[in-house]
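This report concerns only the one structure given below.
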Amino acid sequence: MNRFWTLITHLHTLAGPVMMLLYPLYASVVAIESTSKFDDEQWLAYWILYSFLTLMEMLLQPILEWMPIWYDVKLIFVAWLVLPQFRGAAFIYQKFVQEKLIKKYGGSQQQKSPKGTAN
């Protein structure tokens with residue numbers, strides 16, 4: 001039973017880096033190489049949200065140390081952001097970030113640039 005528990009512990013430890021970094025890195029490279037904008041939005045949104053989550057985690061570290069299930073909650077949340085069945089990162093970006101940017105700035109910068117000018 002001890003070996004089984006050790007194996008489960010190691011898998012749990014590896015799940016975070018694989019789910020939060022390795023798979024998104026791979027999927028981001030695939031998205032860059034594809035011609036579809038659909039996957040680009042998902043992975044750009046993921047990296048924005050992951051950076052924000054990491055910054056908040058650094059700021060709130062003293063509080064999060066008191067929450068023993070924080071790592072598991074974070075892992076489940078990141079899985080929702082990453083997995084293609086859910087496209088959570090694109091959902092959050094479209095529902096919250098993009099709407100706030102449109103309200104504040106009135107549209108994207110590309111829409112504001114005059115036609116016929118080179119960027």
Side-chain angles (χ1 to χ4, degrees):
M1 187 65 174
N2 283 339
R3 287 185 184 193
F4 177 72
W5 186 252
T6 303
L7 176 66
I8 295 297
T9 303
H10 287 300
L11 289 176
H12 185 263
T13 303
L14 287 174
V18 169
M19 182 67 68
M20 294 180 214
L21 295 171
L22 289 179
Y23 177 70
L25 286 170
Y26 167 76
S28 296
V29 170
V30 171
I32 288 172
E33 296 301 322
S34 76
T35 57
S36 171
K37 186 182 176 198
F38 184 72
D39 53 358
D40 294 351
E41 181 183 58
Q42 163 67 17
W43 295 111
L44 284 171
Y46 171 77
W47 290 113
I48 291 167
L49 293 169
Y50 180 76
S51 299
F52 180 74
L53 180 64
T54 303
L55 286 172
M56 290 298 104
E57 195 174 28
M58 288 170 50
L59 290 173
L60 300 174
Q61 186 63 37
I63 297 168
L64 296 175
E65 286 176 354
W66 290 94
M67 295 176 58
I69 62 166
W70 168 246
Y71 183 77
D72 297 320
V73 170
K74 179 182 171 184
L75 190 59
I76 291 167
F77 177 68
V78 169
W80 179 75
L81 290 176
V82 166
L83 292 174
Q85 296 90 338
F86 303 114
R87 291 183 40 83
F91 173 79
I92 288 178
Y93 182 78
Q94 290 168 353
K95 289 292 181 186
F96 300 103
V97 178
Q98 193 174 41
E99 285 182 8
K100 299 296 181 196
L101 288 174
I102 289 172
K103 283 181 184 176
K104 185 168 183 163
Y105 298 109
S108 70
Q109 295 298 325
Q110 291 176 345
Q111 292 173 347
K112 290 184 178 180
S113 65
K115 292 184 178 183
T117 60
N119 291 335

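The model shown is predicted, which means the values in this text are computed figures rather than measured ones.
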Flag yes if L21 and L53 sit in one hydrophobic cluster, no otherwise; membership is Ile, Leu, Val, Met, Phe, Trp, Tyr, and two members link when side-chain heavy atoms are under 4.5 Å apart. yes
Which value, rounded to the nearest 0.5 Å, describes the distance between F77 atom CZ and M19 atom CE? 13.0 Å
Salt bridge (charged side-chain N to carboxylate O under 4.0 Å, His left out) partners of residues 79-95, not counting sequence neighbours, each pair once: E41-R87
Are L22 and Y50 in one and the same hydrophobic cluster, where Ile, Leu, Val, Met, Phe, Trp and Tyr link if side-chain heavy atoms are under 4.5 Å apart? no
Would you kindly confirm whether F91 and L44 end up in one hydrophobic cluster when ILVMFWY residues are joined by side chain heavy atoms under 4.5 Å apart? no
CG (L55) and CG (L59) are apart, to the nearest 0.5 Å, by 6.5 Å
Restricting to non-hydrogen atoms, name the atom on L81 and the atom on Q42 that form the minimum distance, rounded to 0.1 Å. O-NE2, 2.8 Å
Where V30 and D39 come nearest, the two heavy atoms and their spacing: O-OD2, 4.4 Å
By ring-ring contact (aromatic ring centres under 6.0 Å, His included) - contacts of Y71 (at least two apart): H12
Exactly one of W47, Y23, W43 should register a side chain to side chain donor-acceptor pair (under 3.5 Å) with S28. Which one does? W47
Nearest heavy-atom pair of P24 and V82: which atoms, and what distance? CG-CG2, 4.0 Å
Mind listing the closest non-hydrogen atom pair of E57 and W70 along with its distance? OE2-NE1, 2.7 Å
Find the distance between CE (M56) and CD1 (I63) and round it off to the nearest 0.5 Å. 11.5 Å
Tell me whether L83 is reachable from L25 by hopping between hydrophobic residues (I, L, V, M, F, W, Y) whose side-chain heavy atoms are closer than 4.5 Å. yes
Straight-line distance of Y93 OH to L101 CG, nearest 0.5 Å: 5.5 Å
Counting only heavy atoms not in I69 (residues, nucleotides, ligands), do more than 12 fall under 6.0 Å from its CD1? no
Backbone of M20 reached by a side-chain donor or acceptor of Y46 within 3.5 Å: yes
Atom CG in L11, atom OG1 in T6: separation rounded to 0.5 Å? 11.0 Å
Give a yes or no on whether V78 and L60 share a hydrophobic cluster (residues Ile, Leu, Val, Met, Phe, Trp, Tyr; joining criterion: side-chain heavy atoms under 4.5 Å apart). yes
Which heavy atom in A45 sits nearest to a heavy atom in A89, and how many Å separate them? CB-O, 3.5 Å
For the student: nearest non-hydrogen atoms of W80 and I92, plus distance: CZ3-CD1, 3.4 Å
